Amino acid sequence: MKKRKIFLFFIFLICIIILIFTYKLSNLGNNINKSDDNNILNISSYEAKIEVEIYSNKNTNKYILKQEYSMPNIFKQEVIEPENIKGLTTTFDGTNLILENSTLNLKTLYENYNSIHGSSLSLNCFIDEYKNNGGEIEENGEEVILKTKTDNANKYEMYKKLYINKKTKLPTKMEILDVNENITVYILYKEIEINKTSKEQILEN
């Protein structure tokens, strides 16, 4: 009888341990840990269509841009809207910077251009700054928010926030803020693909 009680006690104890362990596992998705942002911070390439709003004291300028990036430093950005600068393209091939305007059939080459991040509006620029400068991680209901201080000495571009959808692990928007943490640039990711773009694809277009 005594042995049976001891046996039942151990079965009960094991059941309690299993219940506690199962509860912790079921709640892991509600916690922010380092793995939550690894897909973004360690990407090898991306292609995105973004909507950009740039705020100043007098007005707001809106742009739609196409961006392409491939490691380690291949970057291309094309203006889709507004119409008056449509087709304006900036390409960094790892060594040279190429400025083109397909509408006006103009092309300028800057050889041995010293590019660190590409464009301050780019996702790869944010990733570099977050890795180099560190940052904070927050969350709201459906998004993880990565916050960092930029490398830009411009007081209108001192901080950045990248919002990442928890389910898709893809960025939804980015905010660039001034020294007083007011938004000066708002970027909406209308379309984005991660790790599907090669250096050759970017440079052959």
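Hydrogens, waters and symmetry mates play no part in the numbers below; they use all other heavy atoms, side chains included. Position 1 is the first residue of the sequence, and the numbers go up from there. Predicted model only: the values in this text are computed from it and were never measured.
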K166 vs E139, salt bridge (Lys or Arg N to Asp or Glu O under 4.0 Å): CA-CA, chis, key distance, verdict: CA-CA 9 Å; K166 289 181 181 179; E139 70 171 320; 2.2 Å; yes

Short question: side chain of [X], backbone of [Y] - any donor-acceptor pair under 3.5 Å?
X    : Y    : value
D178 : N182 : yes
N101 : L106 : no
E157 : N154 : no
T184 : Y55  : no
Y69  : P72  : yes

K173 to Y163 six-membered ring, cation-pi geometry met (6.0 Å, 45°): yes

Check the side chains of [Y] and [X] for a donor-acceptor pair under 3.5 angstrom, ignoring hydrogens and angles.
X    : Y    : answer
E175 : Y159 : no
E143 : T172 : yes
N133 : D151 : yes

Shortest non-hydrogen contact between [X] and [Y], atoms and distance:
X    : Y    : answer
C125 : S120 : SG-CA, 3.9 Å
Y189 : A48  : CD2-CB, 4.2 Å
S70  : K199 : OG-N, 3.4 Å
L162 : P171 : CD1-CB, 3.8 Å
V185 : I187 : CG1-CG1, 4.0 Å
I50  : V52  : CD1-CG2, 3.6 Å

Looking at [atom1] of [X] and [atom2] of [Y], how far apart are the two atoms once the value is rounded to the nearest 0.5 Å?
X    : Y    : atom1 : atom2 : value
Y186 : T60  : OH    : OG1   : 13.0 Å
N132 : I127 : CG    : CD1   : 11.5 Å
F75  : T90  : CZ    : OG1   : 8.0 Å
L123 : L170 : CG    : CG    : 10.0 Å
S198 : E200 : OG    : CD    : 4.5 Å
Q67  : Q77  : CD    : CD    : 4.5 Å

For residues [X] and [Y]: do they belong to one hydrophobic cluster (side chain heavy atoms under 4.5 Å, members Ile, Leu, Val, Met, Phe, Trp, Tyr)?
X    : Y    : answer
M158 : M174 : no
I54  : L188 : no
M71  : Y46  : yes
Y63  : I176 : yes

Worked check of side-chain contact (heavy atoms from CB on, under 4.5 Å) between K86 and L88: CA-CA 6 Å; K86 181 178 180 179; L88 181 62; over 6 Å; no

Would you check if [X] and [Y] make a side-chain contact, meaning some heavy-atom pair closer than 4.5 Å?
X    : Y    : value
Q201 : I74  : no
F92  : I98  : no
L97  : T91  : no
Y130 : L41  : yes
I137 : V144 : yes
I64  : K49  : yes

Partner of T89 by side-chain contact (heavy atoms from CB on, under 4.5 Å), out of K76, K107, K66: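 So, applying the side-chain contact (heavy atoms from CB on, under 4.5 Å) to T89 and each of K76, K107, K66, only K76 qualifies.
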
Candidate list T148, L177, I183, L146, test side-chain contact (heavy atoms from CB on, under 4.5 Å), partner K161, passing option: L177

Other residues, nucleotides, ligands: >12 heavy atoms within 6.0 Å of E142 CD: no

Neighbour count above 12 (heavy atom, 6.0 Å) for N105 CG: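 No, CG of N105 has 12 or fewer neighbouring heavy atoms, counting only those of other groups under 6.0 Å.
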
Residues K190, E51; criterion salt bridge (Lys or Arg N to Asp or Glu O under 4.0 Å); working and verdict: CA-CA 7 Å; K190 298 175 71 68; E51 187 176 285; 3.7 Å; yes

Test salt bridge (Lys or Arg N to Asp or Glu O under 4.0 Å) applied to E81 and K62, step by step: CA-CA 8 Å; E81 293 181 14; K62 296 183 179 182; over 6 Å; no

Stepwise side chain to side chain donor-acceptor pair (under 3.5 Å) check, S122 with N124: CA-CA 5 Å; S122 67; N124 54 294; 3.1 Å; yes

Stepwise salt bridge (Lys or Arg N to Asp or Glu O under 4.0 Å) check, E129 with K160: CA-CA 9 Å; E129 290 171 337; K160 287 183 180 179; 3.2 Å; yes

